[in-house]
Amino acid sequence: LMKKLLILLLLFAPLLANAQDWFKVNAVRFAVDNEYSEWQDVDINVFIDDAMKVKIYAKENHVLRKIGDAVDNVDKQENSHIFWRAVDEKSLDCIVCFSSNGTTFMHLKITFIKDNLVICYNLIPDK
């Protein structure tokens, strides 16, 4: 348990401490009704601020504002996840999940509940 807590702190300390707020997105994929598309190459910037507001700079910019408490979770494979409820600029409810295993992947997954739509971004820290 102590090892998992340490891993969680090390993975998310930069995000929560405002040391690493900018990310590059090099791939994105979508899912409707749990049918995932293939990863598509993109060049998108993402910013996450101290209040966990997510700004996605793409062809159309999107802003997701946190409206619920964040929940931390570590799964059986020791992947760390932070979940929070948010609304977009059109007031659509969504669930945001920031996930990482600390070495090979970092994802931002946004699930729009009403539309049963999932957007998954492959993140790379950008200083």
Side-chain angles (χ1 to χ4, degrees):
L1 180 62
M2 187 60 109
K3 180 181 175 187
K4 289 181 181 181
L5 287 173
L6 181 60
I7 290 171
L8 185 65
L9 286 173
L10 291 174
L11 289 175
F12 294 110
L15 177 66
L16 298 175
N18 198 19
Q20 190 71 53
D21 293 322
W22 283 98
F23 300 92
K24 289 282 190 189
V25 177
N26 65 357
V28 66
R29 71 179 181 169
F30 304 90
V32 177
D33 298 326
N34 291 321
E35 293 288 327
Y36 277 89
S37 68
E38 295 294 319
W39 286 101
Q40 301 168 18
D41 293 338
V42 294
D43 184 16
I44 296 173
N45 293 310
V46 171
F47 179 75
I48 304 174
D49 71 13
D50 289 343
M52 298 177 103
K53 179 189 285 184
V54 178
K55 296 178 182 179
I56 301 166
Y57 298 94
K59 286 181 183 177
E60 248 185 74
N61 295 338
H62 299 283
V63 177
L64 305 170
R65 186 176 41 85
K66 182 178 149 226
I67 60 169
D69 293 335
V71 176
D72 299 341
N73 182 21
V74 177
D75 65 23
K76 292 178 184 177
Q77 291 80 30
E78 296 194 16
N79 299 321
S80 298
H81 311 276
I82 297 178
F83 297 90
W84 64 93
R85 283 191 58 219
V87 293
D88 71 0
E89 61 278 351
K90 298 174 187 170
S91 297
L92 293 175
D93 285 328
C94 60
I95 297 172
V96 179
C97 178
F98 182 89
S99 301
S100 178
N101 69 358
T103 55
T104 59
F105 81 87
M106 189 179 298
H107 292 156
L108 180 69
K109 186 163 91 170
I110 302 164
T111 304
F112 290 95
I113 302 159
K114 183 179 177 187
D115 297 330
N116 203 15
L117 170 68
V118 178
I119 305 170
C120 188
Y121 299 94
N122 188 57
L123 302 175
I124 301 167
D126 187 30
K127 294 188 184 220

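Keep in mind the model is a prediction, meaning the values are calculated, not measured.
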So which residues get pulled into Val71's cluster when ILVMFWY side chains under 4.5 Å apart are joined, directly or through others?
none
Look at the side-chain heavy atoms of Ile, Leu, Val, Met, Phe, Trp and Tyr, link any pair under 4.5 Å apart, and say whether Leu64 and Val28 land in one connected group.
yes
Who pairs with Asn61 by side-chain contact (heavy atoms from CB on, under 4.5 Å), at least two apart in sequence or on another chain?
Tyr57
Pairwise side-chain contact, Thr111 with Cys94, heavy-atom cut-off 4.5 Å (strictly under)
no
Residues in side-chain hydrogen bond (donor to acceptor under 3.5 Å, both in side chains) with Lys53, at least two apart?
none
Please check if the side chain of Ser99 supplies one atom and the backbone of His81 the other of a donor-acceptor pair under 3.5 Å.
no
If we only count heavy atoms from C-beta on, is the Phe98 to Lys109 side-chain gap below 4.5 Å?
no
Pairwise side-chain contact, Trp84 with Val54, heavy-atom cut-off 4.5 Å (strictly under)
yes
By side-chain hydrogen bond (donor to acceptor under 3.5 Å, both in side chains), Ser91 pairs with (sequence neighbours left out) none
Got a sec, which residues hit side-chain hydrogen bond (donor to acceptor under 3.5 Å, both in side chains) with Asp43, two or more places apart in sequence or on another chain?
none
Separation between CG of Asn45 and CH2 of Trp22, rounded to the nearest 0.5 Å
6.0 Å
Members besides Val63 in its Ile/Leu/Val/Met/Phe/Trp/Tyr cluster (side-chain heavy atoms under 4.5 Å)
none
Residues passing the ring pair (Phe, Tyr, Trp, His ring centres under 6.0 Å) test with Phe30, sequence neighbours excluded, are none
Answer whether the closest heavy-atom distance between the side chains of Ile82 and Met52 falls below 4.5 Å.
yes
Sequence neighbours excluded, which residues qualify as side-chain hydrogen bond (donor to acceptor under 3.5 Å, both in side chains) partners of Asp88?
none
Does some side-chain heavy atom of Leu108 sit less than 4.5 Å from a side-chain heavy atom of Val96?
yes
With Gln77, which residues qualify under side-chain contact (heavy atoms from CB on, under 4.5 Å), at least two apart?
Asp75, Asn79
Exercise: identify the closest heavy-atom pair between Met106 and Pro125
CE-CG, 3.9 Å
Within-4.5 Å side-chain heavy-atom neighbours: Glu89 and His62:
yes
Could you list the donor-acceptor pairs under 3.5 angstrom formed between side-chain atoms of residues 113-124 and any protein atom two or more places apart in sequence or on another chain?
unit_1: Asn116; atom_1: ND2; unit_2: Asp33; atom_2: OD1; d: 2.5
unit_1: Asn122; atom_1: OD1; unit_2: His107; atom_2: NE2; d: 3.2
unit_1: Asn122; atom_1: ND2; unit_2: Asn26; atom_2: OD1; d: 2.7

Applying a strict under-4.5 Å side-chain criterion to I, L, V, M, F, W and Y, I'd like to know whether Phe112 and Val25 cluster together.
yes
With heavy-atom distances below 4.5 Å as the criterion, would you say the side chains of Ile48 and Phe23 are in contact?
yes
Across all chains, not counting sequence neighbours, the side-chain contact (heavy atoms from CB on, under 4.5 Å) partners of Val87 are Arg65, Ile67, Asp93
